[in-house]
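No hydrogens, no waters, no symmetry mates; every other heavy atom, side chains included, goes into these values. Heads up: numbering here begins at 1 and tracks the sequence.
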Amino acid sequence: ICGLKMAHYLQEYGLKTIILEGSRVGDGASSRNQGSVNHGGGASYAECIKRYGRPQARAVWALGLANQRLICAQLEQYAIACDYEVSGYTFLARRDMPNWAATLADYQHEVALLTEDGFAVEFLDEQAALQVSGNPLFAGGYSYLTDAQFHSGKYVVGLAQGVARRPTVTVYE
């Protein structure tokens, strides 16, 4: 995916690009990844605020949303049929885990911070967590409402086909 994305942007500047794939496009890890488009960072929003300050945390989350828009534009540009669906990304607190009540309180705090900064999130109470999971062990949680899922194998093959149609890009398998 990284090489294909780089070729996509280099061709916009008229640079010739050759992509050398070690086997077949879609045979490697890129086609077997999680298939999620999430706009959060590796740490929680509250942790990012604590470490780097609120403006930096907000910028990182906004960058994730910008990247999501770029992916959607490429899906449209290359007509990639990869089952892209905005279905959210959910975090749930299980009652059988240590400190689950503290985790749930952290999730409530996370939702408050993200909502204040304009990000589309929703706190899930016990009933909503049950609806999402079908499991009564979950006490609650929260969802990023704009995050999406897709079929990563279809995505990487579609991206390769689209990029390879560009006049300055050659893909060798």
Side-chain angles (χ1 to χ4, degrees), residues 1-6 8 26-78 80-159:
I1 291 174
C2 292
L4 292 167
K5 293 269 190 183
M6 183 63 77
H8 166 83
D27 281 352
S30 293
S31 67
R32 294 187 305 270
N33 69 30
Q34 182 178 351
S36 300
V37 181
N38 307 319
H39 69 279
S44 73
Y45 195 61
E47 183 62 30
C48 284
I49 290 171
K50 184 177 171 183
R51 284 186 191 173
Y52 309 112
R54 196 145 189 179
Q56 285 300 104
R58 194 176 7 226
V60 168
W61 261 248
L63 179 62
L65 288 173
N67 286 330
Q68 189 173 7
R69 287 189 293 274
L70 290 172
I71 288 171
C72 289
Q74 285 181 344
L75 293 176
E76 186 175 323
Q77 177 183 7
Y78 295 133
I80 300 171
C82 63
D83 307 324
Y84 183 89
E85 179 183 357
V86 176
S87 55
Y89 192 84
T90 301
F91 296 86
L92 296 170
R94 287 176 52 139
R95 280 192 192 79
D96 61 341
M97 299 301 289
N99 301 318
W100 69 267
T103 298
L104 192 57
D106 289 345
Y107 288 171
Q108 285 180 309
H109 180 62
E110 190 83 356
V111 167
L113 292 171
L114 287 161
T115 301
E116 286 172 15
D117 287 347
F119 297 104
V121 293
E122 175 180 63
F123 183 77
L124 304 174
D125 63 14
E126 184 176 350
Q127 192 62 30
L130 178 61
Q131 280 186 309
V132 167
S133 69
N135 188 333
L137 281 176
F138 292 109
Y142 74 103
S143 289
Y144 282 93
L145 302 176
T146 58
D147 288 353
Q149 304 294 313
F150 62 96
H151 188 290
S152 56
K154 291 177 182 179
Y155 171 72
V156 71
V157 170
L159 182 61

Taking the side chain as everything from C-beta on, heavy atoms only, tell me whether Met97 gets closer than 4.5 Å to Thr103.
no
Flag the pair Leu75 / Tyr155 as yes when at least one side-chain heavy-atom distance between them is below 4.5 Å, and no otherwise.
yes
Starting at OG1 of Thr146, measure out to CG of Leu65 and round the result to the nearest 0.5 Å.
5.0 Å
What's the spacing between Ile49 CD1 and Arg58 CZ if we round to 0.5 Å?
8.0 Å
Could you walk me through whether Ile80 and Phe150 pass the side-chain contact (heavy atoms from CB on, under 4.5 Å) check?
CA-CA 11 Å; Ile80 300 171; Phe150 62 96; over 6 Å; no
Look up atom SG in Cys48 and atom NZ in Lys50, then write down how far apart they are to the nearest 0.5 Å.
12.0 Å
Kindly indicate whether the side chain of Ser143, heavy atoms from C-beta on, has any atom under 4.5 Å from the side chain of Leu124.
yes
Looking at every non-hydrogen atom in both residues, tell me the closest pair between Leu113 and Arg54 and how far apart they are.
O-NH2, 3.3 Å
Donor-acceptor under 3.5 Å (Arg95 side chain, Pro136 main chain):
yes
With a cut-off of 6.0 Å (strictly less than), are more than 12 heavy atoms of other residues, nucleotides or ligands near CG of Asp96?
yes
Contacts of Ser44 meeting side-chain hydrogen bond (donor to acceptor under 3.5 Å, both in side chains) (sequence neighbours excluded), chain-then-number -> none
Any side-chain heavy atom of Trp61 within less than 4.5 Å of one from Leu114?
yes
Under 4.5 Å between any side-chain heavy atoms of His109 and Asp106, yes or no?
no
Which heavy atom in Ser36 sits nearest to a heavy atom in Gln149, and how many Å separate them?
OG-OE1, 3.2 Å
If I compare all heavy atoms of Ala139 with all of Trp100, which pair ends up nearest, and what's the gap?
CB-CZ3, 3.3 Å
Note, Val121 side chain near Tyr144 side chain (heavy atom, < 4.5 Å)
yes
Under 3.5 Å: donor-acceptor pair, side chain of Ser133, backbone of Asn135:
yes
Polar side-chain atom of Glu110 near backbone of Tyr142 as donor-acceptor pair, under 3.5 Å
no
Can you tell me if Gln108 has over 12 outside heavy atoms packed within less than 6.0 Å of its CD?
yes
Atom OH of Tyr107 and atom CG of Leu92: how far apart are they, to the nearest 0.5 Å?
7.0 Å
State, to 0.1 Å, how close Gly141 and Phe123 come at their nearest heavy-atom pair, and which atoms those are.
O-CD1, 3.2 Å
Is it the case that over 12 heavy atoms from other parts of the model lie below 6.0 angstrom from the CD atom of Gln127?
no
How far apart are the closest heavy atoms of Leu4 and Leu159, and which atoms are they?
CB-CD2, 3.7 Å
Distance col, row Gln77:CD vs Leu70:CG, nearest 0.5 angstrom, shows 10.5 Å
Any side-chain heavy-atom pair from Lys5 and Ile71 closer than 4.5 angstrom?
yes
Show the nearest heavy-atom pair for residues Asp147 and Gln68, with the distance to one decimal.
CA-NE2, 4.0 Å
